[in-house]
Structure formats: C-alpha cells, structure tokens
Number of protein chains: 2
Amino acid sequence: MRVKKQSVYNAILQSATAEFAEHGYVKSTIGRIAERAGTSSSNIYVYFQCKLDIALAVYESWFKAQIYNLVRTVRRQNMPEAKVKKLLEGLWNNIPKHKNGLTTTLVQALSTATPSDNYNPKLLQWTEKKIAELLSESVTGSTGNQEEFTSIANIIMLAFDGVGLRHNLSKPVDHSADSIQQMTYMICAMGLKTRN
Amino acid sequence: MRVKKQSVYNAILQSATAEFAEHGYVKSTIGRIAERAGTSSSNIYVYFQCKLDIALAVYESWFKAQIYNLVRTVRRQNMPEAKVKKLLEGLWNNIPKHKNGLTTTLVQALSTATPSDNYNPKLLQWTEKKIAELLSESVTGSTGNQEEFTSIANIIMLAFDGVGLRHNLSKPVDHSADSIQQMTYMICAMGLKTRN
DNA sequence: GCATTATAACGAATATCATTCGCTATTGAC
DNA sequence: GTCAATAGCGAATGATATTCGTTATAATGC
C-alpha cells in the first residue's frame with residue numbers, strides 16, 4: 001500500500017492559497033496550482049475531490065484566522081459602541097476587502113457550486129454563532145446569546161457575502177462607512193432597550 | 001447595409017430568460033440559448049458582447065418588475081411595521097428565492113465577472129435609491145430620503161445579494177423569518193427615535 | 001528480507017464551452 | 001441597379017476541469 005503524504009497535501013494547499021489570492025476562484029487553474037505545488041494536475045484529485053473542495057479548505061483556515069483576529073480586536077475596545085463598530089469594520093470592510101483576501105474566491109466558488117458538490121455550511125454556522133456571542137458580549141456584557149443577536153449575526157453575515165460579491169466589480173460608490181455607522185447605531189440602540 | 005432585427009434580439013432575450021431560470025448562469029450555454037432562439041451561437045455575438053451582457057439584460061427587466069410589484073405591495077399596508085416587514089419579506093425571501101428566479105443567475109454572473117467586462121452598477125444604484133425612498137415613506141410618512149435610510153437600503157441590498165448567493169447551495173438552516181422580524185424591529189425603532 | 005497489493009503519481013485523453021474567424025447572403029442607401 | 005456594410009452561420013480555437021490507463025512505490029503479512 002501507498003499512503004498520501006502530508007507534505008504533498010500541504011504543498012497543494014499552500015500553492016492554492018497563493019493562486020486563489022492572486023486570481024480568484026474562476027481564473028485559477030488546477031494546472032498552475034499543481035505546478036507550484038510540484039505535482040501534476042491529476043494527482044491533485046487524489047487529495048481533493050474537486051476544485052471547490054480546495055477553495056473551501058483554503059478559505060477555512062484563512063477566514064478562521066481573520067475571525068480570531070477580529071475577536072481580539074473587538075475585546076480590546078472598552079465601550080459597547082466601539083466594540084460593535086470594530087466588529088462591523090472587520091466584517092464589512094477589512095476582511096472582505098483584504099488585499100490578498102480570499103473572500104472573493106469564496107463567493108465565486110459558492111456561487112458556481114452545484115448541489116452535487118454538496119457544500120457543508122459548517123464554517124458559516126460556526127461564524128454566525130461566534131459573531132452572535134461576540135455581539136451579545138459586546139452589547140450586554142454577558143454571553144447570554146439571545147435570539148436577537150443570532151438574527152443580527154445572520155444579517156451581518158449575509159451582508160458580508162454581499163460585500164465580498166461586489167468587491168471584485170469595479171467598485172461603485174462605497175457607502176460602507178455610513179452603513180457601518182448606521183448599523184452600529186441600530187445594534188446599540190437595541191442593546192439599551194434590552195437592558196430596560 | 002443590413003440591420004439588426006428586433007425580432008431576433010427579442011428571441012435571444014426570451015430564450016436566455018428561460019435558459020438562465022432553468023440552469024443558472026454558469027451552466028447555461030450559449031449554444032442552447034441560440035437553439036431556442038432559432039439562431040446560431042456566433043450570431044448571438046452580433047447582438048451581445050458577451051454572456052454576461054445577456055444575463056444583465058435579462059435580469060434587469062425581471063428584477064425591475066419584481067421591485068415595482070414590491071412597491072405596490074408595501075404601499076398597500078397601513079402600519080409602518082407592516083410596510084417594513086413586507087419590504088424585507090420581498091427582498092430577503094420572495095425575490096431572491098423566487099422559484100423561476102434569476103437572482104442566483106445574477107449572483108453567479110457578477111461573481112464571475114472580470115473588470116474587463118466593465119459592469120455598470122446602474123441597476124444597483126437605482127434599486128438602493130428606490131428602497132431608501134420606500135423605507136423613508138413607510139417609516140416617517142414623507143419621502144425626505146434621509147441619510148439613514150440610504151444606509152439601511154444599502155445594508156438590505158448587500159444582504160439581498162447574500163441571500164441570493166446562499167440560496168443555490170443546499171439550504172442550511174434558514175433564519176430568514178427571524179432575521180426579517182429583527183430587522184423590521186430595528187428599522188421601526190429608528191423611525192420612532194427620528195420622530196422625537 | 002521478500003512477495004503482495006492497494007494506491008500515489010503522472011501523462012495523455014476527454015468533454016465542454018465561450019468566443020473568434022472566414023465566408024456568404026442580404027438589404028439599406030445612393 | 002449597384003455598392004458596401006454587416007447579419008448570419010458553420011467551422012475553428014483555446015482554455016481547462018476532470019477522467020483514464022499505466023507505472024512505480026511502499027505498507028503489510030509472511
């Protein structure tokens with residue numbers, strides 16, 4: 001028997017990360033990923049089922065790092081409003097518009113996915129839960145994870161996808177600063193009401 | 001000289017509408033669109049620059065009809081809260097999840113677009129303006145189109161894109177009812193504050 | 001050690017389209 | 001009528017994800 005080498009797997013992931021960051025999902029080619037990884041196109045299919053799976057694997061590790069980073073930044077703030085604002089700046093600006101970012105890649109990958117790729121929304125659910133907790137903790141001081149924050153986290157992540165989607169188009173007027181401010185205001189207003 | 005026939009143009013649009021509604025953007029083929037339209041693949045390029053342009057043309061007329069419909073539905077409501085809720089149900093449920101809907105097509109088309117396709121966000125801007133006015137009118141009773149509603153409209157449309165994106169994946173847990181309720185509440189709360 | 005065997009690895013197909021090209025046929029303008 | 005621009009078309013072209021057939025390798029049992 002022969003066994004898959006971790007080193008080959010890692011090389012593919014690393015190569016794919018560079019390729020996707022540079023070209024996005026659609027214009028990245030398996031051929032170039034293989035070349036940079038020092039293997040062949042066909043051998044990549046020994047390690048991954050399809051191109052989508054590579055993109056998801058690459059995105060997951062990048063995105064989780066971004067989120068952990070964001071959590072730290074938010075916790076460093078003192079006032080609820082500042083916390084919420086940092087959170088939104090991260091999710092509606094910094095992460096989806098990151099210069100070597102992979103959010104555009106993810107959006108492209110997901111939008112071209114077919115049901116037969118049977119995508120698993122694990123990462124999405126993990127993120128929404130994390131964001132809901134962070135919001136709750138930021139606004140009310142406790143991690144009670146109320147219903148409301150679950151919904152708000154959902155809305156924020158839907159809009160995150162939207163930002164990622166629009167970002168690769170020649171940017172239209174970018175209202176993000178205003179939108180972030182407005183959303184911060186609405187979320188904090190809700191927090192006040194909750195306390196009474 | 002020979003002149004382009006309106007009838008051929010219309011046939012292409014009509015055929016493309018059916019094709020995109022059935023297969024989405026990526027899996028639709030120019031060949032089938034041509035066939036259903038009774039012309040050849042190559043002749044389609046006499047009428048449209050590229051596949052993206054066909055999708056955008058198809059989407060625009062479908063989407064505008066949906067929006068006009070939504071405006072009517074919202075205006076039919078009496079209470080601000082009911083108006084806002086209908087608005088959100090339209091934009092976060094009915095339109096992006098429409099069974100013969102084209103939103104998935106649009107999302108796919110935009111996410112795979114390259115800068116060289118030089119996409120023009122005219123429709124997007126038109127929609128956000130329309131939504132901002134409708135919100136303002138619904139919540140405050142006047143079309144004053146305050147800054148706040150512009151931002152909220154922007155957020156709603158970003159999330160609209162997100163809903164469209166996620167809809168073609170095997171649907172994860174769908175929080176949309178809760179999210180709509182939560183957003184309705186936040187928008188209306190803001191309206192109250194504005195009045196004082 | 002050695003034989004066995006599952007499978008990693010790879011180069012060469014395959015299949016699928018969007019888009020382009022070269023040519024022919026049509027039709028509006030003069 | 002003649003001319004010339006161009007609609008229309010069938011046959012390339014070019015890209016590229018994925019599959020296939022074969023070979024080489026190494027883990028396992030003896």
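Letters A, B, ... mirror the listed sequences (proteins, then strands); counts begin at 1. The analysis underlying the following values was restricted to heavy atoms, covering all of them including side chains, and did not include hydrogens, waters or symmetry mates. Computed from a predicted structure; not experimentally measured.
Distance from the side chain of B/Met1 is smallest for D/dT6 among the nucleotides D/dT6, D/dT25, D/dC9. Counting only heavy atoms from C-beta on, A/Lys5 has its side chain closest to C/dA9 among D/dT18, C/dA9, C/dA8. Listed nucleotides C/dA8, C/dC10, C/dT19 differ in distance to A/Lys4; the shortest reach to its side chain belongs to C/dA8. In the set C/dA8, D/dA7, D/dC9, D/dC9 carries the atom at the smallest distance from any side-chain atom of B/Ser40. Side-chain proximity of A/Cys50 to C/dA9, D/dG8, D/dT18: nearest is D/dT18.
If you check every strand for non-hydrogen atoms under 4.0 Å, B/Ser28 touches sugar and phosphate atoms only.
Between B/Lys27 and A/Gly38, it is A/Gly38 whose nearest contact on DNA chain C lies nearer the 5' terminus.
Here D/dT19 presents its P atom at 11 Å from CD1 of A/Ile30, a figure rounded to the nearest Å.
One N or O donor and one acceptor, one from the side chain of A/Ser42 and one from the base of C/dG11, sit under 3.5 Å apart. At a cut-off of 3.5 angstrom, counting only N and O atoms as typed in the model, there is no donor on one side facing an acceptor on the other between the side-chain of A/Arg2 and the base of D/dA26.
Judged as a side-chain hydrogen bond (donor to acceptor under 3.5 Å, both in side chains), the pairs with a partner in residues 80-92 of chain A (not counting sequence neighbours) are, in order, A/Lys85-A/Gln181.
For the OP1/OP2 pair of D/dG8 and a distance below 4.0 Å, the side-chain nitrogens and oxygens of B/Tyr45 include no atom meeting the criterion.
A salt bridge does not link A/Lys27 to A/Glu19: none of the charged side-chain nitrogens sits closer than 4.0 Å to a carboxylate oxygen. Between A/Glu128 and B/Arg166 there is a salt bridge, since at least one side-chain N of the basic residue sits less than 4.0 Å from a carboxylate O of the acidic one.
At least one test fails for A/Lys4 against the ring of A/Tyr9: distance under 6.0 Å to the centre or angle within 45° of the axis.
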